[in-house]
Structure formats: structure tokens, C-alpha cells
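These notes are about the structure you will find just below.
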Amino acid sequence: MSTTTSKRTLYRLVGVQPTIEGMFDALDQEQLQAVGAELEFPERLEVPALLVTGSFERSVANWCEEIFRTTGCEVSRPVNRSAGLLMLVVDGEAYAIGYDQGFRLVPDRFKDQRFGLGFATRKVDPDQIRDLVSHTPGGGRTDITLVPGGTPVWSLGVEEHAQIVRRLGGRLDDMQFTISRDNPTRVSSVEGGTGLRMRFGVDALNLVADIRAIARVLRENSPLPELEFVEHIVSVKDRDLIARLEDAFDDLLGQEPNGLVTVAVPTDHWEDHDAARAFHTRINSPEGWPTDGFDLGYVLHRARMQRRGRRLAALKDGTVTLYRHDRAEKTDVIWSSNVLRWIEADVSLGSRRFFLMDRKWYEIGDAYLKALRSHVEQLITATPSVDLPPWVLEGDERTYNLSVPDLRSGYVCLDRDNVQTALHRRNGVEICDLLSPDNVLVMVKRAKGSDVLSHLFSQGVVAVQTLLNSPEGMERFAQKVSVTGKGRVLPADYRPSTVVFAILLKDGTKLTADTLFPFSQVTLVQAARTLKKWGVRVEVVGINAVSSPITSKKSTSKRGTATPRKRRNRPETAGRAFRGNNQSQRAGSAPHSRERANQARTECL
């Protein structure tokens, strides 16, 4: 029985006239000759279509020479890989589907680099992510995650502000394709990157119908809220802005390496990269530079040798050729591309940050930032559910956390008192810095940059996840609360209802959506959305700052901020401000001598 669907990769073509002639002109004529291409113009599809078939042939396989040197046995086996390419126009858009090696016949410059990804963000179930590839611009790191059974997107640990998602795959969410029409119970999934890989209808009309359904989603649907961060990187279209970026990048290429230009293996050619045994890079020179991997150092060196205004042009004209054999002969070529496909750059113009990726410029989208800001404004509350004392600027974070129970009744300091579980045996999990009288988890941080706040927000997610999903973690947390809180008992059915992120920004700057670091806003919103799914509310509170210690009079109010008082030179105050770690101090016996206070302060620091 013949199948009604087949798993293929669909590409949407850009810069290609949606006609048979336009599609033919987009193909590399030399390559068509090399594969002995035959052309046909199928009518069954009832849309303009072009079919190209051929084969990549070699009379002797690469490994024959090696095996002769190793064994002395003369072996001669040919290699023949078929290639089929179907190009078609559906409702004014040109598309292409490759069969076997046919995808190599479409020049990369004509492939819409985010076509498949755009569909995935709109129709993949956020709780059933099976495949995610993200890249960190400027960091040279690509993270590949495969979860065959599916997992929620929040569990993948993507840093929205720092990483660009290049591929996303998972279970389709409520989509009518050929596969689901034939069998409604059949689970279908997609992988979206440059192309869209899924099961398409084999029959002509079904294939066209599936393509139309995809186009309709891209035209009418917005990205799902949980996945909208994937598209917050938007392509720069303004020609004047692109010219400014290229000029700035040309200057950057003239500098000594500073980490702003990194290697980025083209996402759609990882298999070629892994199969390659030799790389030849050519930049404004007649001979290629042979290496066994892409050599960024050579690329940057050659760029610096060019005069100003010609550095970027030299890279645009340069090529990288991959060979499947060390001998690097013409018959061994796997793939050849522009040098710019192999590098990424991080360029700033004022406060705006741009990335060069796949030869195109991207920026964090303005609409995304506005939506982000609105969410942050809602999270930063002027009426917090906790009452925290001011922070003495001369004291560090540990000192502040230890002082709170002396300054506010009912608080328990659990800073650095980590909970070990089966999943967190080495360092454990820090559930919170402070536990409020109402059992609210309070995470405290003094922040001069976005990196520490990203860690803080991640800590909140991991802490709540531990309490909700690990009976062992909950039991040990309750034990610590009892010991440190002098017999305080958590309710038997306790589950966190609120997490408060309490932040001292820089040196006491008021915390607002304007002053919170832009990159921190992204990770904050991501954490808040995750916790909301679990029924946990998030508050963000700015801690007031004072320049001198305050008295230790305890407050019984639930809301509000303590009024700074004039500093008193009393050993008792100093002792409470710098409590040590031993159990007697936690039980409330403050030291009563300046020497003891200094000793306690040393322990805290």
C-alpha cells in the first residue's frame, strides 16, 4: 500500500521571480551541467512548476585510495547520489522541495532563512518541544537540544536576551494537513529553521493544499506567547542603516580580535561540516588557505591586511570550500560558500545592538521591546507583599540578608543554606534568601549588571520547581526553616504562592522599567511567565538604600518601608547588623562587644 505522505523539507524562495523562467534563472547553470540535469514541467500540480533531476557521480569513491594504503588491496567503487528538485509557485510565492541531494541545487542566497522557524513559532505546541538549536552571538556557542518525548520550552534554559534560536521542532498544535486528515489520531511534528521539515502530501493536490495551509498560518497568525521571543530578532531592511552597520563592521575588522566576531557554522550545513576533512579559505588571494577546520584567525588576519573600506568587501568576495578528502581535489568538493556565512558579528550603534548572521543584519524588534516593557511595569510593584528594611550601602548582600530578621519580625534568613536533592547533590539549590512571615520566597540581589539578575531570576524558577516536584526537596526545605526559624513550621500542604525578587540596583538607583537593564527585562518576563503557569505570582521590588546603619527596632507592619534613623555608636547595633553563622547567633543572642561584632562581620564577609 503506497503512503499518502512523505517527510520532506520545504523552502520558501526570496528574490526569485514566481514564474518557471524565474525559478530556472535562480539555478546555478554550471552545477546543472555537472549533475547532467534533465528538466521537466509537470502539469499535474496545476501550478507553475519545474522539476530538475540529475546525479552527483564519481568514478572512484574517496575511501578507495585510503584503503589501498592501509591494506594493499586495490578497490575501485563508484559513487552515485541522485538529486531531485521540485520548484513550484503557489499563490505568487516560489517554493522548492529537495529529494536526496536535490537541496544542493538551490543557491543558499535564495532561501528564506527563517521561513520554517516562523511557522514553528506559530504552530508548535510550546509544551511539546522536541528539537531546539540556539546560538549565542558573540559567544561562538551553539546549543543543540533533542528531547524525543517533548518538553516545555521553559525547561530548555534558553536565554532569550542572549541567544538566537536557529531551529525549533515539536508536535504540531491543532493543524489540518494531509497527514491529519487521513488519520486524525496520527501525531505529527515539524522542524523549522531555514526550511520546514514535515510530512507533506504526496499527491499533487494534497501537496499544494499543505503549502497553502502553511502560508495561511504565516500570513494570519502571530507567534505563540511562549515562543514569541524566537522572533524578537528582526531583519534590518533600511538601506541607510545597513550602510552604517557595514561601515562600523569594516572598522571592527581592522582591529585586533576582541571577541565581537565569532565562528558560526551555517545551520543548514552542519552535516557537510561534520563530513568535511579539509577546508580551503580564500580571501583576496589566488591560493586557498588549507586547514582541517574553519580558521577564524586566518579570516580576521586577511581582513586586517585590507585597506579601510575594503575589508568587508574582501570577505564578501572570499570563499570557503569544504572537501570530503584531505587531498582536496575538485571531485572531492562537498560545498562552497561565501566567507560571511561562517562568521557572526556583534555591532552596536549607540544603545542599539545588531547582529550579523548568515550575511544579514538583525536587531531586537521594537514591538517586542514595547510588549516586554509593559510586562515589566506590571511586575515592578509599588505595594509589595513584603516589608524589607533599607540596605546600608557599605554592607554586602550577605550582611543585608543576615540583618533582616533582626530588623523585621517573622523573617528567616536562608541565604546560602542550600537544599540537597537527588538532582542537586553537589551544591544543592538555594530556595530563597529570605522567607517572609507569610511564607513568601524572597530572592535578594545587589546588581550592577544584567548577568547577576539573570542568575537571580533563574534561581527563582529552579527553587519553585524543586519545591513543587521534589518531595525530598520540600522536606529538607521545611527542616531548614524549622531549624533556622526557631521551630517555625511550614503548613503540611505548603506550596509557594508568591516569589519576590528584591533588588538593590547599582548604588541605590530607583528600580523602574527605565532603570532595569534591558537584557534583564527579557529574562525576568520569561521567568514570570514560567512561574505563572505553575500558579506562582511574581513581584519585583526595589530595595531602598541608606548610607549608614539603622537601628534594629523590629517592625510588625506587613507593608511599607522603614524610615532611616540616625546611626548610633552602639555595639548591640553593630552586632545585629553583622550577625555570624553559628547557631547561637541564629537563635537571637546578639554579641555585646565591639570585638565580637568585628569577628562576626569577618565571618559574614
Side-chain angles (χ1 to χ4, degrees), residues 28 30-31 34-35 56-58 60-67 69 79 81 83 101 103-109 111 113 133 135-144 166-167 193-194 249 252-253 256-257 259-306 310-345 355-360:
D28 186 323
E30 291 186 4
Q31 192 174 40
V35 301
F56 293 86
E57 298 181 358
R58 285 191 303 276
V60 180
N62 297 325
W63 50 268
C64 293
E65 180 183 344
E66 285 188 20
I67 206 167
R69 294 177 60 184
V79 176
R81 294 295 303 271
Q101 300 296 297
F103 71 95
R104 299 189 185 279
L105 300 177
V106 182
D108 289 330
R109 66 182 181 276
K111 295 176 182 176
Q113 296 297 313
V133 176
H135 183 78
T136 305
R141 188 184 83 238
T142 296
D143 298 321
I144 304 173
R166 307 293 300 277
R167 191 175 76 205
T194 300
F249 184 40
L252 180 62
L253 290 171
E256 290 295 321
L260 296 178
V261 181
T262 58
V263 179
V265 177
T267 309
D268 51 338
H269 285 277
W270 279 326
E271 292 182 359
D272 293 339
H273 173 269
D274 292 342
R277 294 295 175 266
F279 291 68
H280 279 210
T281 306
R282 185 185 59 80
I283 301 174
N284 199 19
S285 63
E287 300 294 333
W289 176 255
T291 55
D292 58 1
F294 181 78
D295 190 343
L296 178 64
Y298 170 76
V299 171
L300 296 181
H301 170 71
R302 292 295 300 173
R304 289 194 302 275
M305 292 181 64
Q306 315 303 315
R310 284 293 306 164
R311 299 168 187 138
L312 177 55
L315 298 192
K316 287 182 176 180
D317 294 337
T319 60
V320 179
T321 304
L322 280 59
Y323 297 88
R324 57 175 50 87
H325 197 283
D326 294 335
R327 65 192 177 195
E329 296 180 354
K330 187 175 182 179
T331 56
D332 299 322
V333 172
I334 300 176
W335 179 57
S336 184
S337 68
N338 183 280
V339 170
L340 285 183
R341 286 223 63 190
W342 290 83
I343 63 176
E344 291 185 354
F355 305 115
L356 176 67
M357 180 176 71
D358 272 336
R359 299 171 299 179
K360 295 183 179 180

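Quick caveat: nothing in here was measured; it's all calculated off a predicted structure.
- Rounding to the nearest 0.5 Å gives a distance of 8.0 Å between CZ of R81 and CZ of R104.
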Step by step, would you call V106 with K111 a side chain to side chain contact (heavy atoms under 4.5 Å, CB included)?
CA-CA 8 Å; V106 182; K111 295 176 182 176; 3.9 Å; yes
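- Between V320 and R341 there is no side-chain heavy-atom pair separated by less than 4.5 Å.
- Of the possible donor and acceptor atoms, none in the side chain of E65 sits under 3.5 Å from a partner among the backbone N and O of W63.
- A distance-only check finds a donor-acceptor pair linking the side chain of N338 to the backbone of K316 [under 3.5 Å].
- Q306 and N284 make their closest contact through OE1-ND2, 2.8 Å (heavy atoms, listed as atom of the first residue, atom of the second, distance).
- Listed for the R311 side chain is no donor-acceptor partner under 3.5 Å among the backbone atoms of L253.
- Expressed to the nearest 0.5 Å, how far CG of L322 lies from NE2 of H280 amounts to 10.5 Å.
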Tell me, with the steps shown, if V261 and F249 meet side chain to side chain contact (heavy atoms under 4.5 Å, CB included).
CA-CA 9 Å; V261 181; F249 184 40; 3.9 Å; yes
Decide yes or no on salt bridge (Lys or Arg N to Asp or Glu O under 4.0 Å) for R359 and D108, but give the supporting numbers first.
CA-CA 11 Å; R359 299 171 299 179; D108 289 330; 5.9 Å; no
Is there a side chain to side chain contact (heavy atoms under 4.5 Å, CB included) between D317 and R310 once you walk through the steps?
CA-CA 10 Å; D317 294 337; R310 284 293 306 164; 4.1 Å; yes
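- Rounding to the nearest 0.5 Å gives a distance of 15.5 Å between CZ of R282 and CH2 of W289.
- Here the closest heavy-atom approach between residue L315 and residue A303 is recorded as CD2-CB, 4.4 Å.
- The CG atom of L300 sits 8.5 Å away from the CG atom of L252 when rounded to the nearest 0.5 Å.
- A pairwise comparison of heavy atoms in P107 and L105 identifies CD-O, 3.3 Å as the closest pair.
- Between H273 and I334, every side-chain heavy-atom pair lies at or beyond the 4.5 Å cut-off.
- In this structure, CD1 on I283 lies 10.0 Å from NE2 on H301, to the nearest 0.5 angstrom.
- Heavy-atom neighbours of W335 CH2 from other residues, nucleotides or ligands within 6.0 Å: above the threshold of 12.
- Here the shortest heavy-atom pairing between R166 and E344 reads NH1-OE2, 3.4 Å.
- Distance check: L312 CG to L340 CG gives 6.0 Å after rounding to the nearest 0.5 Å.
- In this pair, W342 and F279 present their aromatic rings perpendicular. The plane angle is above 60°, beyond the 30 to 60° band.
- Across every non-hydrogen atom of T281 and Y298, the tightest pair is O-CE2, 3.7 Å.
- Of all the heavy atoms in V339 and T319, the pair that sits closest is CG2-N, 3.4 Å.
- Counting only heavy atoms from C-beta outward, the side chains of R304 and P257 approach each other to under 4.5 Å.
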